[in-house]
Amino acid sequence: MNKRLLIENARIMDPASSTDVTGAILVENGVVSEIVEGAAPGAPEKAERINARGLIAAPGLIDMRVFTGEPGHEYRETLASAGEAAATGGVTSILVMPDTVPVIDDGALVDFLMRRAQATSCVHILPTAAITKGLEGKELTEFGLLREAGAIGFSEGRHSLQSAAVMRAAMTYATNFDAPIIHKPLDTSLAADGVMNAGPLATFRGLKGIPGEAETIALDRDLQLALMTGARYHAAQISTGRSAEIMSFYKERSGTVTAGISINNLCLNENDIGSYRTFFKLSPPLRHEDERQAVIEGLKSGSIDVIHSDHDPQDSEGKRQPFADAASGAIGLETLLAAALRLYHSGDVDLMTLLRAMTSRPAEILGLDSGRLTKGALADICLFDPHYPWIVEETAIRSRSRNTTFENARMMGKVMTTVVGGRIVFREEADA
Amino acid sequence: MVRRKPDTSDTETGASGSFLPFRHPHLLGIAQLDPVEIVDLLDRAEAMIPISRQRKTLPNLAGKTQINLFFENSTRTQASFEIAGKRLGATVMNMAVRTSSVAKGETLIDTAATLNAMQPDAIVVRHGSSGAVELLSQKVECAVLNAGDGTHEHPTQALLDALTIRRHLGRLNGLTVAICGDIANSRVARSNLILLGAMQARTRVIAPKSLLPRGVEQMASEVFTDMRDGLKGADVVMMLRLQNERASGRLIPSVREYYRFYGLDAEKLSYANKGALVMHPGPMNRGVEIDPAIADGPQSVITEQVEMGVAVRMAVLDALLNKENGHE
């Protein structure tokens, strides 16, 4: 690729280097070849120019928790449609979960995913492989062979390992390959048949509750084992203030444990469920407002490292059910940044912290070269207007599924242009 | 305590005229009603009692079709709604839906669409999932009555309980009502707590900790784990059925242990006010949550609750379907 791209007059924010300057970015051959403060140093020949006045240029976002339906449930989402949704949201790399049909638990399947991604997706697809065969929580998969095939890390996706012995074995074995274990901590015996946050609201609605302890007990177990084995451990999903405190305790003792949180748990609370709205049935469940405030503090203090979309496409049949019977999950790639900006506009979290949690932190945890915007970096760039007002309309959704928690929500801040490897993969039409 | 003699002098036809127009399209729960509406429904039900007692039929719902759609078995509630509809002249059809646990929800939405196409005037629904009746109400154009959804609400049960209490004690406000048993899994308890709370009664729940849902203190005035403490000064004792599957295992170790501490017998009942009403939504587990001698004793109004059930369901059906006549 010989094409040149010149982005001028942008506010360049790079969390990896704590850069925040106004200037120009020159992209050549898919790589950032120059970043200059102030005016661009004369237009290079045949460069496509983008005037980014009023826009922020950040590294393309890395979303650490995305479910697609490929292979197996392509009607929900393909790698191609997930890629389009990602590009619309300024996300340039997505970590896809192994919960597909078949489960990604074999090198050949990782290879298949990589080739399909190469052929059909406009963003980087980073495959995870299952920790255990068939996600059954019993036998380990071939970590070494899967790693060679291109698996970035190991995850049980929606599932949680119930056996401490299996988790210990997985962590121990993963250290041979320096591979991260990405796990959603949940004690399913405590969560039982719960469908929303345990508490007065669940009681009032007559719905079974999931106590925060179902998460914190499993999290504490995982972190003890991570300390014991020295594994790289990422708690995929946490949702309570207590979990953030536990993370903080173990982070003082280990440099290899990290945690992520869904944008939903940062922006919404259990009251959003309202009258049995199944689009708000999520796992972990939306918690009480006090917990939301506590996890925001956790994000600011660094106990929580990563914000992800928990993009989980579900067809309408799965959601048009009584609440307890409905499928869990919501799509989120297209609204990830806009929703995160709510925390900036509300004064809760500064912009650099938010961007770091979606760019450089995921890159560090996964050992990626992307997630930074400096000279020599891969040209994955997200250009956004932090003040652009818009409404999330169902008809404009690029994902194949429509189960968004932000339907008809008013947003301030929108991605205007997304660049992957120097190529423009999304440009807001209304931008003029 | 002096019991008000059940008032049998009412000669109103219960047909129309003197009541508030019912402003809701459905009856999904007590939570949607304000105190004035609750009193209005109780007054309407009161007026239906003589009709029911004289085995008369009113023409109020002549030409209207009522479908009873029961996803869970319930002989008594279904029969009560059926008789209520027929006493008002409606054509009543019963549909028992065999629930395959696999496609429960699918059945619900599909069935709703199918029934809706047949243009009924009312659908009475019982379903095992909380919120399912409300979901169904969004998919049909006729009135929907909640006959029990999951562990959420059972509004006509709370209304018939309130009617029974009011007929005996003359009022609801200021009374102390103790609800005892499996609160966590009871829609009857929830609807009653909401109704009695709205009517300014003093509500108590009594249960072992394992059968108390989190946050119940926000729904009841007082929470007790000791039955004798909880019954002290109670005007009404409402017992709940202990589901057999919960009677042995993690929540309750055994039936005999449960009966010893939470079964209503003469000794425990003696802590309540003299002449306190004993109620049960049925069906009863005699010897599990209640001593048969108490269930059939002088303080029991359990059979009367069943009778009031018909009057309440007549009133609710009339309020929902006979709106033209209900208006002034």
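Residue numbering restarts at 1 for every chain, and letters A, B, ... go by the order of the sequence lines.
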S.K.: Restricting to ring pair (Phe, Tyr, Trp, His ring centres under 6.0 Å), what partner residues turn up for A/F67, sequence neighbours left out?
M.R.: none

S.K.: The criterion is side-chain contact (heavy atoms from CB on, under 4.5 Å); which residues satisfy it with A/S283, sequence neighbours excluded?
M.R.: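 A/S283: side-chain contact (heavy atoms from CB on, under 4.5 Å) contacts with A/K184, A/S328.
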
S.K.: Can you tell which part of B/L193 gets under 4.5 Å to a heavy atom of chain A, answering side chain, backbone, both or neither?
M.R.: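 For B/L193, no heavy atom lies under 4.5 Å from chain A.
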
S.K.: Do B/Q218 and A/P200 touch side chain to side chain, with heavy atoms closer than 4.5 Å?
M.R.: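 B/Q218 vs A/P200: side chains touch.
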
S.K.: Can you tell me how far the CG atom of B/L135 sits from the CD atom of A/Q321, to the nearest 0.5 Å?
M.R.: 8.5 Å

S.K.: Using modelled atom types and a 3.5 Å cut-off, is there a donor and acceptor pairing between side-chain atoms of B/R190 and backbone atoms of A/T203?
M.R.: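 Side chain of B/R190 to backbone of A/T203: a pair is present.
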
S.K.: Where do B/T151 and A/L207 come nearest, in terms of heavy atoms and distance?
M.R.: OG1-N, 4.3 Å

S.K.: With sequence neighbours left out, write down each residue that passes ring pair (Phe, Tyr, Trp, His ring centres under 6.0 Å) with A/F323, or none if nothing qualifies.
M.R.: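 Per chain and number, A/F323 pairs via ring pair (Phe, Tyr, Trp, His ring centres under 6.0 Å) with no residue.
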
S.K.: Within this structure, what is the NZ-CG distance for the pair A/K208 and B/N185, rounded to the nearest 0.5 Å?
M.R.: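 Here the interatomic distance stands at 5.5 Å.
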
S.K.: Could you tell me which portion of B/A184 (side chain, backbone, both or neither) has an atom closer than 4.5 angstrom to a non-hydrogen atom of chain A?
M.R.: neither

S.K.: So does A/R242 have more than 12 non-hydrogen atoms from other groups sitting under 6.0 Å from CZ?
M.R.: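 Open: at most 12 neighbouring heavy atoms sit under 6.0 Å from CZ of A/R242.
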
S.K.: Name the region of A/S275, side chain, backbone, both or neither, that has any atom closer than 4.5 Å to a heavy atom of chain B.
M.R.: both

S.K.: Verify the ring-centre separation between A/Y276 and B/H152: is it less than 6.0 angstrom?
M.R.: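 That pair passes the under 6.0 Å test.
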
S.K.: Is the CG atom of B/D34 crowded by more than 12 outside heavy atoms at less than 6.0 Å?
M.R.: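 Counting other residues, nucleotides and ligands, CG of B/D34 exceeds 12 neighbours.
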
S.K.: I need the contact set between residues 392-408 of chain A and chain B: heavy-atom distance under 4.5 Å, sorted by residue number.
M.R.: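 The stretch does not come within 4.5 Å of chain B.
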
S.K.: Contact between B/R214 and A/P211 at the side-chain level, heavy atoms closer than 4.5 Å - yes or no?
M.R.: yes

